[in-house]
Every structure is written in structure tokens, then in C-alpha cells.
Amino acid sequence: MGLVSGLLLLPLAPARGVVWIAEKLQETAERELYDPGVIRAQLAELNRDLDDELIDLEEFEAEEEKLLDRLHAAQKRCNVDNRR
């Protein structure tokens, strides 16, 4: 980047920094949301809650379905990423 273009684009630097931070936060959130290890730990915790009678079967089944859907989506994302 030349001196002139650097000076002209200098006022945009804070906005580019905010966009960069937002992109990094989104990447981190998606990585955690679709991490199979995290999802499996949440499933194990859900099973413990059911065993300890902290939740009823209906709530367990609803939450389990959501977690299994996320796990399936995570596996699909992993397969797509491996093909690239």
C-alpha cells in the first residue's frame, strides 16, 4: 500500500478492525457450537440430569434431539471441509 492510499484509507482503519474482530468472534462461536467434543459432553450432562431426575423425559428428548441435530450438522461440516 502506498503512502497516499495509506493516508486516504486511514480513517477506515477502526472500522476494518471492528470487522476483523467480529469475524474472529463468529469463527470462534461457530467452532464451539459445532465442536463434536463439546456436543458429546453436553449429551453426557443431559443424560446425568435425566438420571438425577433434574429433568423429565419430555425435556430430555427435546434437548437430545437439538444436540443430535447439531452433532449431525457438525459431522456434515467436517465432511465438507475435508473435501476442500
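Computed from a prediction, not measured in an experiment: that's the story for all the values here.
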Residues that Leu50 engages under side chain to side chain contact (heavy atoms under 4.5 Å, CB included), provided they are two or more places apart: Ile55, Leu57, Phe60
Applying salt bridge (charged side-chain N to carboxylate O under 4.0 Å, His left out), which residue pairs with at least one partner in residues 21-50 are found, sequence neighbours left out? Lys24-Glu27, Glu30-Arg77
Which heavy-atom pair separates Leu43 from Leu68 by the least distance, and what is that distance? CD1-CD2, 3.9 Å
Under the side-chain hydrogen bond (donor to acceptor under 3.5 Å, both in side chains) rule, collect the residues that match up with Gln42, sequence neighbours excluded. Arg70
Linking Ile, Leu, Val, Met, Phe, Trp and Tyr through side-chain heavy atoms less than 4.5 Å apart, which residues share a cluster with Trp20? Ile21, Leu25
Sequence neighbours left out, what passes salt bridge (charged side-chain N to carboxylate O under 4.0 Å, His left out) with Glu59? Give chain and number order. none
Taking all non-hydrogen atoms of both residues into account, name the closest pair between Ala73 and Tyr34 and its distance. CB-CE2, 3.9 Å
Which heavy atom of Leu33 sits nearest to which heavy atom of Ile39, and what is that distance? O-CD1, 3.7 Å
With sequence neighbours left out, what residues match Glu65 under side-chain hydrogen bond (donor to acceptor under 3.5 Å, both in side chains)? none
